[in-house]
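Data block below; observations after.
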Amino acid sequence: MSWIPFKNNNPKKQIISKTVERDFEREYEKLQKLEDQTKKLHKDMKKSTEADTAMSKAAVKISSDLLSNPLCEQDPQFLKSMTALDTAMRRMDAFNQEKVNQIQKTVIEPLKKFSSVFPSLNMAVKRREQTLQDYKRLQSKVEKYEEKEKTGPTMVKLHQAREELRPVREDFEAKNKQLLEEMPKFYHSRIDYFQPSFEALIRAQVAYFTEMHKIFGELTEQIDQPGLTDEQRERDNEARLSELKALSIVADD
Amino acid sequence: MEPIYCTVLPGSPDELGVPPEADKTKHKQSLAIEELLSTERGYLNMIQLCAVDIRNRLKQKQLPDFDLEGLFANIDDVIDVSSKLLYQLELMDTENPQYLQALSDTFLSMRSELENTYKEYCASYSNILILEARYREREELDKAIQETITSTAPHTNATNLSFFLVMPVQRIARYQLLLQTILKNTEPSHPAYRSLQATVDSTVALNSNINEYKRLKEVADKYNKPENLTLMDKIYRINTHSIAKKTARLSQMLKHEAGFLPKTEDKEFDALEEYFLALERGVADLQDNVSTFVKHFEEFLSRRPHECELDIETEVAFRNYKELSAILHKHIYPKYMHRLKSLVLQPLCSLQELFACPQNMIRKRLHKLLDFEKIEEKRRETGSITYEEQEAANTYQAINTLLLTEMPKFNGMATQLLIRAMETFIFIQRDFAADVNHIASGYLQHLPHNKLPDYTFWSWAEGMFLKEAKSLQQISQTFEAELNPHFILPLTPSSQRRLSELTKRYKSEQIYQASSDIKGGRDMDLSLSRGELVAVIQEMDTKGDKRRWLVEAGGNRGYVPASRINPYHPTGQTASPSPAIVDEASKRHSVVVVSPAIESPVLPSLQVFAAYDFSARSIHEVSLRAGELVTVLEHHDRQGNPQWTLVEVQGQKGYVPSNYLMVVPVPGISASSRKT
């Protein structure tokens with residue numbers, strides 16, 4: 001079939017069986033997906049904790065701005081309430097910082113480390129592929145010479161080609177074997193690797209919200225108003241706003 | 001038929017025995033009462049016609065851009081009050097001697113209702129007129145209105161709505177006149193006289209209040225709306241009058257600042273203003289900060305790390321985390337957000353909006369105060385001021401009074417709202433924490449290490465990851481390991497020569513071989529072909545990049561990628577001929593006589609070929625052409641050195657380097673067929 005312009009001659013002999021190739025691809029695909037998902041999880045966790053920190057800082061700003069407002073000088077009760085609130089917010093921020101640090105150490109950094117294995121893996125797979133291409137090329141060359149007339153120069157060339165082929169084939173087989181062994185091992189390692197991370201996430205949240213409940217619970221006890229339902233609160237707000245709007249100095253639209 | 005006029009003779013009593021003067025008065029009184037009642041009926045009829053029939057017709061027409069509510073204001077309330085009044089007045093027969101008392105009582109008891117309803121209506125009336133005028137300019141609206149009026153109330157000959165809408169304004173003032181007429185025609189000795197008098201006074205006061213209310217409202221409306229004027233509007237506003245006004249204010253202000261004039265201090269007002277400003281700042285900051293807080297929470301909510309697919313659904317910790325997070329995201333977090341927005345953020349936004357108008361009014365007050373000061377000055381100096389100046393002074397007083405009355409209320413109520421908002425926030429936070437905890441603790445129970453106290457758990461977790469980091473590193477290294485450290489490409493003769501050159505000047509550890517063709521891209525990059533030998537001079541470039549090495553290849557120096565060259569360790573291969581051997585060879589060959597070649601037996605299935613070209617450099621050597629079939633005579637030289645082989649080729653005999661020969665298994669060739 002010399003009229004078909006193949007750039008790389010595909011060797012007549014099958015180099016690796018289809019099943020082996022399929023197995024290899026399947027394992028590698030699983031790892032590629034794992035790579036994507038770990039990267040995504042890493043990004044999500046990072047952004048999530050960033051938003052969390054920002055929230056906590058915004059909460060502190062709520063109370064500290066009120067505390068620095070001149071109204072506090074006018075009304076001692078107001079000052080007392082705002083001081084209590086500010087203390088609470090700052091304490092919560094400290095707890096939040098702790099929570100974020102824990103997550104950083106037990107979730108985000110481990111994720112990063114896990115992800116860092118993938119470049120090496122991808123490089124190894126690429127090198128195997130390169131070697132495979134070399135192998136195929138040299139194999140075709142040998143087969144080409146084997147089919148030619150057995151002249152002296154041909155014999156020499158054939159011998160040379162075979163000498164070239166041998167180390168390449170050995171190299172490929174070594175690489176292939178190694179990857180076929182190591183890839184599943186690495187994939188499997190994720191289960192035990194990530195277990196502590198997810199435990200840590202739940203634990204960190206429980207610890208944080210326990211504190212939050214305690215701190216804000218204490219604050220609610222200092223408020224005279226009994227707990228109202230949400231509808232009551234809404235109606236209350238509406239009523240007060242209406243009263244304000246009824247004043248002449250407030251324009252009515 | 002009863003006579004309705006009294007007898008002609010003055011002074012003579014009529015059949016009833018009542019003096020004629022008294023009769024006349026009584027008669028007038030009855031007339032007045034009757035007028036009160038009948039006009040009230042007529043009035044009520046009219047406004048009902050307007051409010052019900054006309055309004056409904058107009059509503060049905062569904063006219064575009066038509067403010068029915070603004071046009072009709074609170075006329076429904078007016079109708080209610082009027083109906084009630086009429087009902088009360090008709091309860092008793094007018095001839096009843098108690099009637100006057102009943103009438104007074106009715107008016108007095110309904111006083112506040114009348115005042116509140118009519119004051120609203122009257123204050124809205126100017127707006128009603130404005131709207132009506134605006135609509136009459138639009139042809140289609142005007143036509144529609146006319147049509148409606150003529151079809152509903154043809155008997156009135158009315159051509160516009162204000163015919164009807166002005167009636168309450170007129171009516172409330174009319175009560176005063178009607179009642180005064182009744183009073184005038186009542187004997188002071190009448191038992192109900194005092195009550196009637198009180199009623200009249202009350203009605204006078206009522207009207208005065210209504211007028212005052214109307215005026216204040218007009219002042220408020222004029223000055224409290226922040227003016228959204230375009231630049232052009234502002235420019236058109238400038239005329240000599242306004243310039244004079246502003247200049248006067250400015251000079252007054254400067255006099256204050258320079259100390260020429262004492263500022264009119266109003267400690268009470270200043271205190272109110274100070275509080276107001278602090279409150280305004282507080283509400284603005286709070287609204288801003290809560291808004292930011294909510295925004296960050298929304299960002300937090302948008303991230304869903306628990307939805308990653310690591311293919312570890314069976315793992316218990318992950319499963320619990322995923323379920324917990326899903327519930328939090330679906331139920332708990334949205335509920336929290338909703339409460340924050342509706343119970344804290346929303347009221348704060350509404351509250352903040354209400355500050356604009358009072359703030360504007362305060363500003364205007366200051367301007368008017370400056371005007372006022374000048375006017376007072378003038379009054380003190382000249383004793384008289386113009387009508388406009390008096391008006392301006394009155395305006396200042398009006399604004400000032402209004403602010404002094406209402407600002408304390410505003411400040412108080414707004415502060416209350418602020419405090420409420422913060423209290424609500426605290427409650428919401430507590431509830432949120434309770435909700436999350438409730439669910440999360442449940443899931444915590446399912447975790448393997450839940451019994452560990454916190455400190456122990458964190459130490460364990462951190463320790464785990466340090467250990468894991470090590471094994472990950474090992475895995476990386478496994479993948480990175482070069483599996484072909486000794487992968488040698490066979491040498492061409494030129495490579496042989498290159499090798500000998502390089503080994504002259506470099507250590508063998510520095511010799512590397514290119515594993516593939518390298519095409520140099522940048523300046524100072526070398527291009528190599530596959531298998532070419534180089535010596536590594538430096539394992540990094542001038543910028544410190546360790547992936548680019550400085551090498552020498554055949555007299556050229558340049559950079560190549562480190563990953564494409566491998567150390568050249570020829571293992572188990574015979575060393576290439578070194579210059580030393582050549583000298584030795586000539587030494588050897590000069591001493592010993594070449595013995596006749598013995599035909600070495602060649603294995604039937606192997607043949608020996610020349611692998612490369614070789615040029616003989618002495619008479620003891622023989623030249624080879626690659627691919628030539630040779631006959632091996634001896635596998636060593638005279639001194640037993642296996643690096644040289646004695647061969648016969650093309651009828652010539654001589655020594656050639658052993659590694660230039662190739663032994664090739666060739667099937668089916670016997671020893672007898674040899675090329676000579």
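Everything numeric in this text was worked out from a predicted model, so none of it was measured. So that the names make sense, note that chain A is the first sequence line, chain B the second, and so on, each numbered from 1. Heavy atoms only: backbone and side chains are in, while hydrogens, waters and symmetry mates are out.
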Non-hydrogen atoms of chain B under 4.5 Å away: do they reach the side chain of [X], the backbone, both or neither?
{"X": "A/Asp236", "value": "side chain"}
{"X": "A/Ala88", "value": "neither"}
{"X": "A/Asp36", "value": "neither"}
{"X": "A/Phe118", "value": "neither"}
{"X": "A/Phe114", "value": "both"}
{"X": "A/Lys33", "value": "side chain"}
{"X": "A/Leu66", "value": "side chain"}
{"X": "A/Asn69", "value": "side chain"}
{"X": "A/Ser116", "value": "backbone"}
{"X": "A/Gln74", "value": "side chain"}
{"X": "A/Met212", "value": "both"}
{"X": "A/Leu85", "value": "side chain"}
{"X": "A/Ser68", "value": "neither"}
{"X": "A/Met82", "value": "side chain"}

Between [X] and [Y], which heavy-atom pair has the shortest distance, and what is it?
{"X": "B/Ala317", "Y": "A/Ile202", "value": "O-CD1, 4.4 Å"}
{"X": "B/Phe479", "Y": "A/Ala124", "value": "O-CB, 3.4 Å"}
{"X": "A/Ala51", "Y": "B/His296", "value": "CB-O, 3.7 Å"}
{"X": "A/Leu241", "Y": "B/Ser350", "value": "CD1-CB, 3.7 Å"}

> Charged N to carboxylate O below 4.0 Å: is that the case for B/Asp311 and A/Arg190?
Replying inline: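 Yes, B/Asp311 and A/Arg190 are salt-bridged.
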> Would you call A/Arg203 and B/Asp454 a salt bridge, using N to O less than 4.0 angstrom?
Replying inline: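 Looking at B/Asp454 together with A/Arg203, the answer is yes, because their closest N to O distance falls below 4.0 Å.
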Shorter than 4.5 Å, heavy atoms on both sides: which option in [options] has the most such pairs with chain B?
{"options": "A/Glu238, A/Glu199, A/Lys57, A/Gln222", "answer": "A/Glu199"}
{"options": "A/Gln130, A/Lys43, A/Glu182", "answer": "A/Glu182"}
{"options": "A/Lys40, A/Glu243, A/His42, A/Lys30", "answer": "A/Glu243"}
{"options": "A/Pro196, A/Ala58, A/Ser197, A/Ala204", "answer": "A/Pro196"}
{"options": "A/Asn237, A/Leu41, A/Leu71, A/Asp65", "answer": "A/Leu71"}

Top contributor to chain A interface from [options] [non-hydrogen pairs under 4.5 Å]:
{"options": "B/Leu452, B/Thr415, B/Leu403", "answer": "B/Leu452"}
{"options": "B/Ala461, B/Ala433, B/Ala610, B/Ala440", "answer": "B/Ala433"}
{"options": "B/Phe297, B/Phe427, B/Phe300", "answer": "B/Phe427"}
{"options": "B/Arg420, B/Arg339, B/Glu423", "answer": "B/Arg420"}
{"options": "B/Tyr443, B/Phe432, B/Phe355", "answer": "B/Phe432"}
{"options": "B/Arg281, B/Glu462, B/Lys409, B/Glu299", "answer": "B/Glu462"}

Contact between [X] and [Y] at the side-chain level, heavy atoms closer than 4.5 Å - yes or no?
{"X": "B/Phe465", "Y": "A/Lys113", "result": "no"}
{"X": "B/Glu274", "Y": "A/Pro70", "result": "no"}
{"X": "B/Leu351", "Y": "A/Arg240", "result": "no"}
{"X": "B/Phe457", "Y": "A/Gln102", "result": "no"}

Heavy-atom count around [X] [atom1] within 6.0 Å, excluding the residue itself: above 12?
{"X": "A/Lys105", "atom1": "NZ", "value": "no"}
{"X": "A/Lys46", "atom1": "NZ", "value": "no"}
{"X": "B/Gln473", "atom1": "CD", "value": "no"}
{"X": "B/Arg304", "atom1": "CZ", "value": "yes"}
{"X": "B/Lys335", "atom1": "NZ", "value": "no"}

> A/Leu219 and B/Gln429: side-chain contact (heavy atoms from CB on, under 4.5 Å), yes or no, with the steps?
Replying inline: CA-CA 10 Å; A/Leu219 277 181; B/Gln429 293 289 92; over 6 Å; no
Can you say whether [X] sits under 4.5 Å from chain A via the side chain, the backbone, both, or neither, judging by heavy atoms?
{"X": "B/Val436", "result": "side chain"}
{"X": "B/Phe293", "result": "both"}
{"X": "B/Leu324", "result": "side chain"}
{"X": "B/Asn320", "result": "both"}
{"X": "B/Leu418", "result": "side chain"}
{"X": "B/Ile362", "result": "neither"}
{"X": "B/Leu328", "result": "side chain"}
{"X": "B/Met407", "result": "both"}
{"X": "B/Ala626", "result": "neither"}

Using atom types as modelled and distance alone, determine if a side-chain donor or acceptor of [X] lies under 3.5 Å from a backbone N or O of [Y].
{"X": "B/Glu406", "Y": "A/Ile249", "value": "yes"}
{"X": "A/Gln37", "Y": "B/Leu310", "value": "no"}
{"X": "A/Gln178", "Y": "B/Thr478", "value": "yes"}

> Parallel, tilted or perpendicular for B/Phe425 and A/Phe216, by the 30°/60° rule?
Replying inline: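 Rings of B/Phe425 and A/Phe216: perpendicular, as their planes differ by over 60°.
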How far does [atom1] of [X] sit from [atom2] of [Y], to the nearest 0.5 angstrom?
{"X": "A/Arg233", "Y": "B/Thr424", "atom1": "CZ", "atom2": "OG1", "result": "4.5 Å"}
{"X": "A/Tyr193", "Y": "B/Glu315", "atom1": "OH", "atom2": "CD", "result": "14.0 Å"}
{"X": "A/Ser189", "Y": "B/Leu472", "atom1": "OG", "atom2": "CG", "result": "6.5 Å"}

>> I'd like to check the ring-ring contact (aromatic ring centres under 6.0 Å, His included) partners of B/His449; sequence neighbours left out, ordered by chain and number.
In response: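 Counting only residues at least two positions away or on another chain, B/His449 forms a ring-ring contact (aromatic ring centres under 6.0 Å, His included) with B/Trp460.
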